[in-house]
Every structure is written in C-alpha cells, then in structure tokens.
Amino acid sequence: MSYLEKINSPSDLKKLSIRELKAYAEEIREYIVQVVEKNGGHLASNLGAVELTIALHYVFDCPEDKFIFDVGHQSYTHKIITGRRDDFRKLRCDGGPSGFENMHESEYDAFTTGHSSTSLSVGLGIARARDLSGEKYNVVSVIGDGAFTGGMTYEALNDIGESGTRMLIVLNDNNMSISKNVGAISAYLKKLRLSRRYKVLKTTFKRGIDGIPLLGPAFVKAAEKVKIAVKKQVDNDKMFDKLGIKYYGAFDGHDIGELVYVFSQVKHLNVPVLVHVITRKGSGLYEAEHDPVKYHGVTGEPETAYKFSDVAGETLCALAAKDDKIVGVSAAMLPSTGLEKLKNEYPERCFDVGIAEQHSVSMCAGLAANGYKPYFAVYSSFLQRAFDQILHDVCINSLPVRFLIDRAGAVGSDGVTHQGLFDISYLSVLPEMCITAPRNGKDLKKIIEWTSSYDKGPVAVRYPKGYSASGDDEPSEVEYGKWELLRESKNGIYAIAVGPNMTDIALACDCGAVSARFVKPIDKGFIEKAAKQGAALVTLEENAIRGGFGEAVLEYVNSAKLPCRVINMGFSDRFCDKRTVSGALADNGLTAEALEAVIKNIISGKICKNP
Ligand SMILES: Cc1ncc(C[n+]2csc(CCOP(=O)(O)OP(=O)(O)O)c2C)c(N)n1
C-alpha cells in the first residue's frame, strides 16, 4: 500500500519517519500532476509547497491549529492530507474540492481564500480571538513572496509587530509571483535568500539529521546538536526584527527534516515569528520548473486559440505605437491580461506593480492627472478591493483612467472567489464612470480604440474569459451612450444583452436583439423609442441583478413613467460556486431556453407587456 493510500489524516502522517515523508511527498507530487493535467489548476505553485505543507502538518495539529494559506492556490497537499485525497480527483469540478482553501469545504480549512494578501490579517484576527477567549492553539499564515507584495500584508505586519501577538508567518519564497516577482521588497528578500546563513545551516543540518526517524530519542539528540547552530545563524534579521517579528531563515523549503526541525523550534515561541523558506516553483516536474509562468495555472482543457485578453493586449500595443501618452498597468498579471506584449515592446510604458490593485488605481489617477492615458488591465474580481481608490482618486477628480476589466462574468473552475459578477454594480453607482461591454473581439478592439480619445472621465471596458462563440461580425462605429441594434423585433420584444455570452443568447431567440455596448450611460433614446412602439424589454447581463444594468434600465423606465415592461435576467442574490461557465449561466437562468420561456409568457399575456 502506498503512503498516499495509507494516510487519511494528519495523525497518520505523524507516524512516519523523514525518509517515509519524503517518499510520501513524491507520491503526492505525482498525484497532483495527474489530477491537474486533467482538471486544470495551479500546478507549479502546488509542486513547490509539498514538503512545506507536510512539515507543517507534522509539527502542528490541524484542525485545532489553524492554517491560512494565502490565495489558497497552493493548498492541494493540505487537502490531500486532510481527508480529501479521493475527492481530490474532482478538484475544481462541481461537487469537488475548490482550487483554494475554503472553510465551507472542510473543518481543516480555517478560512476561505482566493484573493491575495489576506492571510496575515485573517491570521491575526484568529490569533486575537484565541487570546481573548483564553485558548492556546497555534495560528499559521502561509504566504508567498508574490502575495507579500500586496498592501494588506504591510497593514497586517504593522499591527502584528506592535501587538506582539503569537502567530507564525511562513514566507514561501520562490522568487516568483505569476511571472518573475517585482519590487523592492522582493529584492530585499532576495538578499536574505542569498545570505550565507542559508547555505551554512543547510549543510550543518543535513549532516545532523537526514535519515533519522523523526520521532524518538535519535531525532531529539540530532536536533539538539544543531539547535545552537540555528540560533546563531538565523537570529536578528534587520527589517522583520525591527518591526517586532522574529525572523528565522532562510531555510530549504524542500528539506522536510530541516523544516520539521525549524517549525518545532519556533512553535513554542510566545511572539510573532516569520520563518522564511526557499522553494522552487514547479519543483519535481521538469517542464514546470523550467517554465513556471506557463505552469502557474493550467486549464486542463485545450486552450482557446485566441482570447479577449489577447485582443485587449494587441489593441493596446497598436495604440501605444501611435500615442506615446498611452501606458499600461498590471497588478502582477501581465501574461493573463495580455499586457505582456506591451511590456515587451514598450517596457518603459508598462508597469507591473505587484499584487497591488489599490496602488494601481491611485497611481493611474496620478498619471491621468498629468497628461497620460493609463490603462489598468485587471480581473473583475480583483478590482473589487480598489473600490475606494476608484471613487476617491479617479471619479471625484473625473480622471480619464481606462479600466480593461477581464474575466467579467462567470469564470468557471476558479469558482466563487473569482467570479466577475459585481463590477457593473460597484462601478455603475459611481458618478462620472462610463462602462462599456463589447459583444465580440472586433467590438472589443473598436471600443478600446474609442477609449483612447475619450477623455471626459474614467471608462471601463468589461469582457469575459475566453472568446465569443458567435464569431466576429463587424460591429458598427462606436457612439457614446448608444446601443447597437443587431436585429429588429417582429413581436415587440427586445432582448438587450451585455457582452458576448448574453448577445449569443439574445440572437438565438425569437426577439429583437440589442447589444448594450454602453452599460452606463444607458441608451435612453432607444428605450423611449421602444416604449413608444409598446415594446417589452428583457435585459440580460453576466452580473448580479442587484445594482446591475437591468436595474438601471428599469429605474429609467419607472422615473420617466414609460409604458414599457422591463424584465431583468442576471445573477441572483447569492454567491455562485459553479465550476463551469455554462453551469453558472444555467443555474441563474441565463440560457436561450429561459429567454424563450420569458418571450412566450409575454406573448401569451402571462407577463403583461405594458405595466
Ligand atoms: C488580489 C489578487 N490579485 C491577483 C491575484 C492573482 N494571483 C493568484 S496567485 C498570484 C501569484 C502569487 O504569487 P505567490 O504568492 O508568490 O505564490 P506562488 O504561486 O509563487 O507560489 C496572483 C497574482 C489574486 N489571487 N488576488
């Protein structure tokens, strides 16, 4: 029986020796590769965190002790160890484990993660709850060097250091975010990594401990031998120590013996501790080690040949060639948003700022206030955290910052934390903000081109993951605030669709079809004309109905007292954890069948056409 089959919980794992743990690590690796090849997922990040996770489970007692994995995209080993080994085959599928840590999924998951740089704040909250209620358990926040570029990390360090609250931060440093990590902190960590302490400790420790079973007197004796060496070599790093956080590092994140030793030493310290471990992204899989960017996240499906992200990147690059005021900004997402091309061709006009969405937005405001045309390419769900920067720094100042909002709509297997279902709601409440939604690739290109000369205020272009299914017919010219009529209505019903997936549904049904290119401002002229004809309007959006496009249409019809029925179709008021785009749409009644049913009901009079 393999170790993989034998180990059903962390307590089983604690019975193994170091040699056995190493063999177990290899089995876990193979299993992860096997499943991710099929289902997709964050391959390279997980391969880098296998030993680290095993060592944590060996030393600590989860679920009494709480582990918070930052982003949570590296928590596969944790899931396999904590009773989800068989279920892991359904990773990222409906009914299977999420690709991130999720507290609704297992008692072993102390929190739900997905968005970066939250683990230190959440960890401190848990640790304070523990102290207030007089409990004793340990709190461990595992954070990557990429997540360490996020601003929340520093807000948390500031608080942790001063409060002196007992918790362990494990800094999993592979020198990579999705692409090569950026920034001064990353450079500082590199210096720590390269310091000779790491190498010296490594040899000392290896001699002392490798091959000895972890439990029993032999281990204790060997550990004692190197204890002094560890103390001498890793104490008192400047930055963290001065912040009030005891720094230990840097250690080999693939040496289970070394990690077990270090974690068991720091476990009993009554202060905040940071253990710095060095890992290799993609460790153990040749392709992933050599191309960690490609293997950061793999889809498990044949890649769509051409994506909206590619169109956005190429269009921006072409515009930048003609206009030297155009600059691109990315929060650690150059490859995934298509901005890599701009970075390669105009490196001085494309800024990768790390996982720092709030900073990106305010920085764009500064650029726009001084004559530049910033384009911030960002996923819909990650822009959520920059709401106040959009309101306070961009909108109040009416600054022409351009937002390229990728993954707007259902996202599939990344699940609940990554759904782009709120951007219309959170942006459309903001005065000054203009929101557009192209219906296909050519439309996306046209709209981005149009935004380069729109300077009245901020403008967002939202588009979903993947590419349009219904092809690339030539859209009409862009006119501010005007929708595009794609098909006249013969039955007095118009489906007004936001984005490519909704346009596909509208076109598939027996009704007039309109592309709501401008989500804000809405096309009042069209609505008034339709109302005069006695038409009914059905709005379709890949966004929450609450605060969405359809509500804005309805609000206008009501306030202008137009005799026009408006039916809103969109995402209902609950979080959506469906792991396929089609499943998410179907679960929320966003299908051609559902629209046909509404049309039928209007025609039969079940739904009264003119309220
Ligand atoms: C707020 C936010 N922005 C962007 C992302 C996308 N993202 C997921 S993982 C990742 C890189 C994380 O790097 P690191 O923490 O070093 O982990 P690694 O994958 O290198 O192990 C990024 C940018 C995110 N999850 N959350």
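Only this structure's heavy atoms are used, side chains among them; waters, hydrogens and symmetry mates stay out. As the structure lists them, so they are numbered: ligands from 1, and atoms in each ligand from 1.
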Return the residue, atom name and 0.1 Å-rounded distance of the protein heavy atom closest to [atom].
atom	value
atom 16 (O) of ligand 1	Gly146 N, 2.7 Å
atom 21 (O) of ligand 1	Asn174 ND2, 3.2 Å
atom 11 (C) of ligand 1	Ser177 OG, 3.4 Å
atom 10 (C) of ligand 1	Ile178 CG1, 3.7 Å
atom 3 (N) of ligand 1	Glu357 OE2, 2.7 Å
atom 25 (N) of ligand 1	Gly114 O, 3.0 Å
atom 8 (C) of ligand 1	Val71 CG1, 4.0 Å
atom 26 (N) of ligand 1	Ser116 N, 2.9 Å

Could you check, using the six-membered ring where one of them is a Trp, whether His42 and Tyr76 have ring centers closer than 6.0 angstrom?
no
Output field: ring centroids Phe67/His57 closer than 6.0 Å:
yes
*asked:* Between ligand 1 and His73, is the shortest N or O to N or O distance under 3.5 Å?
replied: yes
Any N/O of Ser45 closer than 3.5 Å to an N/O of ligand 1?
-> yes
So for His42 against ligand 1, with non-hydrogen atoms under 4.0 Å, the contacting part is neither
Within the 4.0 Å heavy-atom cut-off, what His296 brings close to ligand 1 is side chain
- prompt: Cation-pi between Lys267 and Phe60: NZ/CZ under 6.0 Å from ring centre and within 45° of the ring axis?
  reply: yes
>> Tell me whether Arg85 forms a cation-pi arrangement with Phe88, defined as NZ or CZ under 6.0 Å from the six-membered ring centre and within 45 degrees of its axis.
In response: no
State, with a plain yes or no, whether a side-chain heavy atom of [X] is found less than 4.5 Å away from one of [Y].
X	Y	value
Ile390	Met433	yes
Lys79	Asp109	yes
Asp65	Val139	no
Ile54	Ile28	yes

Checking heavy-atom distances from atom 6 (C) of ligand 1 to each of Phe382, Phe69, Phe148, the winner is Phe382
Residues Arg407 and Ser380: closest non-hydrogen pair is O-CB, 3.6 Å
Going by the atom numbers of ligand 1, which of them fall below 4.0 Å from some non-hydrogen atom of [X]?
X	answer
Ala147	14 (P), 15 (O)
Gly144	14 (P), 15 (O), 16 (O)
Met333	6 (C), 23 (C)
Ala332	23 (C)

*Min heavy-atom dist Lys281 to ligand 1 below 4.0 Å*: yes
Notebook entry, point to check: With under 30° as parallel and over 60° as perpendicular, where do the rings of His115 and Phe382 fit, or are they tilted in between?
Noted result: perpendicular
Test side chain to side chain donor-acceptor pair (under 3.5 Å), reference Tyr375, set Thr451, Thr315, Thr337, output is Thr451
